[in-house]
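Worksheet: one structure, shown below.
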Amino acid sequence: MTRTIEDLLAASMRDQVAGLRPAPGLVARAAKQHRRRIRLRLSAAAGTVGMAAALVVGLTVTSPSPSTVRTGSSAAKAGGQDATSPQARLVAAMTTSAQLSYQLHLVNTATTPGHQMTPASPPRDLINWYADYTGVYDPATRLGTGINIIRLQSGTLDNPSSYGKADGYMQVRIVGDNYYIRFSSGERWRTGRGTLVQALVLNGGRAWAPTDGASADPAVLLAAARHLGTVIFVGKSGSSIQALDTYRFSYDIAGDDSVKPHQLTGTITVHDRSNLIAEITMQTTVTGANPQIADGGQTTFKTVMAFSDYGVPVSVQVPTG
Amino acid sequence: MRSEERFKGLDALVADRGGALLATATLLAGSPAAGEDLLQAALERLMRHWHRVRNEPEIYLRRTIYHLAVDQWRYRRRHPEMVGKIGAGFDVAVQQDGTDTVHLRLALIQGLAQLPPRQRAVLVLRYWEQLSESEAADMLGCSLGTVKSSASRGLARLREVTAAWAIEGTPAKKPLVNGLWS
């Protein structure tokens, strides 16, 4: 009897896998690994609390009344800092910025460095998460709304450049202590208790940021800013109303049972005239402390937060449906 | 929220379709143990994107299994035990009795495991899943031409390693003893 290799291959495959059943508890083991991965990410994120909490606390902070908002050196003095030091000027800028409504464009990426698609492929960064959020937030009313563009976290073998290509979006609303999200696929709104950052991290937005949403107090901002570590005034650019001051900072982060000690570095750009933050960039590379789990390798986190339209009116309602 | 509640329906899916999914993963990964690791990795990824894909989890799960398998270089770094397990040669000689067919099928499965990941994935899609070339291309996110060339090369390689057996009406060329994969 003549048989083609295709027929034989199909028959061989059937023989090979006949009667296979997953071992009991497979879903439970996957769920356990899933929870460990989430914990690792949150742990890595929370480890940057010194700097990053200062960045996002404005998303949850309860603002004092407008009459108590201080700017510039007066705010720095209120924070107990030498008003002339770079760190004090940054504290002042953060304090001021966190008390006004604003538009935020936040881009997060988490990449695995040096990934090779095949043994012969050149090393390249593999994007694990990608968040691209644009929205407005008013800390006084604790209302916010925005869109997170969901981007492909990896390319295909034939089209590696499809990394980061838009693949739908997620609507986000923040009302007080709760967030509401809805995906572009059109399903109903989902809700949870937490900040914008938690909405992104916990709902597939692939964002990275700390989750200290409970610290809704301006004092947290000041306290966090004092942990900036080394702060260097890099220089001034532009002129008049366009003038910007740029600072560079670095901050050591202690390890724990999830990640090894690492360092976070970044820059902060401040509008010279208004003392409001224009942009914050930061990055760090974390290494899992436990090589036995999948996230034991290195992951590089990069964040760019651009602030604009300070004082923008923000009106948000709890979604229905 | 408890995971049983959050991932509602996943247990039922695995209970109902787990055998078929594990079969695919086993063929792609080279052994039942490695296949179960691959299936578990795909389940973890499904959980990560549950909110987006829970309406059609099996499609996402199956596609993820293939993508993880093709991305084997990354996967293998986490599962170095697979290399030695699959790469070990074994003695095969043509027997003129009933064991011949068994050996041939075994040789085909071992040959399949030795193929580059994409060639292997294409052959599994075409001859295990019985998908068309265009459906296989869609599953892997590659072009139709890539599927065709991968299938052609994969089958050619399998013909080489099974040349000792008379297939497709051709007589056996030579017995293979040791060094089957050399």
Side-chain angles (χ1 to χ4, degrees), chain A residues 1-23 26-38 112 115-119 121 126 150 153-159 162 167-168 170 181 183 185 187 190 192 202-204 206 293-294 296-297, chain B residues 3-4 6-7 10-11 14 18-19 21-24 26-27 32 35-36 39-44 46-52 55 67 70-74 77-78 102 104-109 112 116-118 123-124 126-128 130 140-143 146 155 158-159 162 165 167-169:
Chain A
M1 184 177 67
T2 299
R3 291 174 296 174
T4 66
I5 192 152
E6 291 91 337
D7 293 337
L8 284 167
L9 179 59
S12 303
M13 290 176 174
R14 285 194 296 273
D15 283 354
Q16 175 72 4
V17 299
L20 278 182
R21 298 292 306 167
L26 179 64
V27 174
R29 288 198 301 279
K32 184 177 180 182
Q33 281 294 92
H34 172 68
R35 289 193 298 271
R36 289 182 69 171
R37 189 185 297 270
I38 291 288
T112 302
H115 170 75
Q116 286 179 279
M117 192 70 83
T118 68
S121 302
L126 178 73
I150 297 169
Q153 61 184 11
S154 66
T156 64
L157 285 173
D158 280 0
N159 186 17
S162 59
D167 183 34
M170 180 174 79
I181 61 165
F183 291 95
S185 51
E187 66 177 23
R190 299 175 54 81
L202 299 176
N203 292 284
R206 308 183 196 109
I293 61 176
Chain B
S3 60
E4 305 91 84
R6 187 175 182 198
F7 304 119
L10 196 51
D11 274 316
V14 172
L21 292 166
L22 179 59
T24 297
T26 297
L27 292 170
E36 191 155 302
L39 177 55
Q40 181 176 324
L43 281 167
E44 288 174 45
L46 171 68
M47 290 170 175
R48 210 184 310 169
H49 303 291
W50 182 251
H51 294 311
R52 293 175 59 203
N55 292 332
H67 282 229
V70 171
D71 194 13
Q72 193 208 29
W73 186 242
R74 184 181 183 210
R77 285 195 304 186
R78 298 174 183 171
V102 174
L104 171 57
R105 291 184 176 181
L106 187 57
L108 276 170
I109 291 299
L112 180 71
R118 183 157 55 183
L123 292 186
V124 173
R126 294 281 287 119
Y127 303 113
W128 168 250
Q130 301 288 311
L140 295 178
C142 65
S143 69
T146 300
L155 288 174
L158 291 183
R159 285 192 183 94
T162 55
W165 286 270
I167 301 174
E168 300 173 23

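Residue numbers start from 1 in every chain, and the chains themselves are labelled A, B, ... in the order their sequence lines are given, proteins ahead of strands.
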Checklist entry - What closest approach, in Å, do A:Gln16 and B:Leu27 show between heavy atoms, and which atom pair accounts for it? => result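 In this case the closest contact between A:Gln16 and B:Leu27 is CG-CD2, 4.1 Å.
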
Checklist entry - A:Pro22 and B:Gly19: which non-hydrogen atoms are nearest, and at how many Å? => result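 Residues A:Pro22 and B:Gly19, closest heavy atoms: CD-N, 3.8 Å.
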
Out of curiosity, [X] [atom1] to [Y] [atom2], how far, rounded to the nearest 0.5 Å?
| X | Y | atom1 | atom2 | value |
| --- | --- | --- | --- | --- |
| B:Leu155 | A:Glu6 | CG | CD | 5.0 Å |
| B:Trp128 | A:Leu9 | CH2 | CG | 11.0 Å |
| B:Leu158 | A:Leu8 | CG | CG | 10.5 Å |

Item to check | Toward chain A, the part of B:Leu46 with a non-hydrogen atom under 4.5 Å | outcome: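 Answer is neither: B:Leu46 stays 4.5 Å or more from chain A.
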
Checklist entry - Do the non-hydrogen side-chain atoms of B:Leu108 and A:Met13 ever get within less than 4.5 Å of each other? => result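 Counting from C-beta outward, B:Leu108 and A:Met13 never come under 4.5 Å.
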
Next on the checklist: Applying side chain to side chain contact (heavy atoms under 4.5 Å, CB included), can you list everything that pairs with A:Ala23, at least two apart in sequence or on another chain?
Outcome noted: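 For A:Ala23 the side chain to side chain contact (heavy atoms under 4.5 Å, CB included) partners, ignoring immediate neighbours, are A:Arg29, B:Glu36.
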
Checklist outcome for this item: With sequence neighbours left out, the residues meeting side chain to side chain contact (heavy atoms under 4.5 Å, CB included) with B:Thr26 are A:Val17, A:Leu20, B:Leu22, B:Pro32

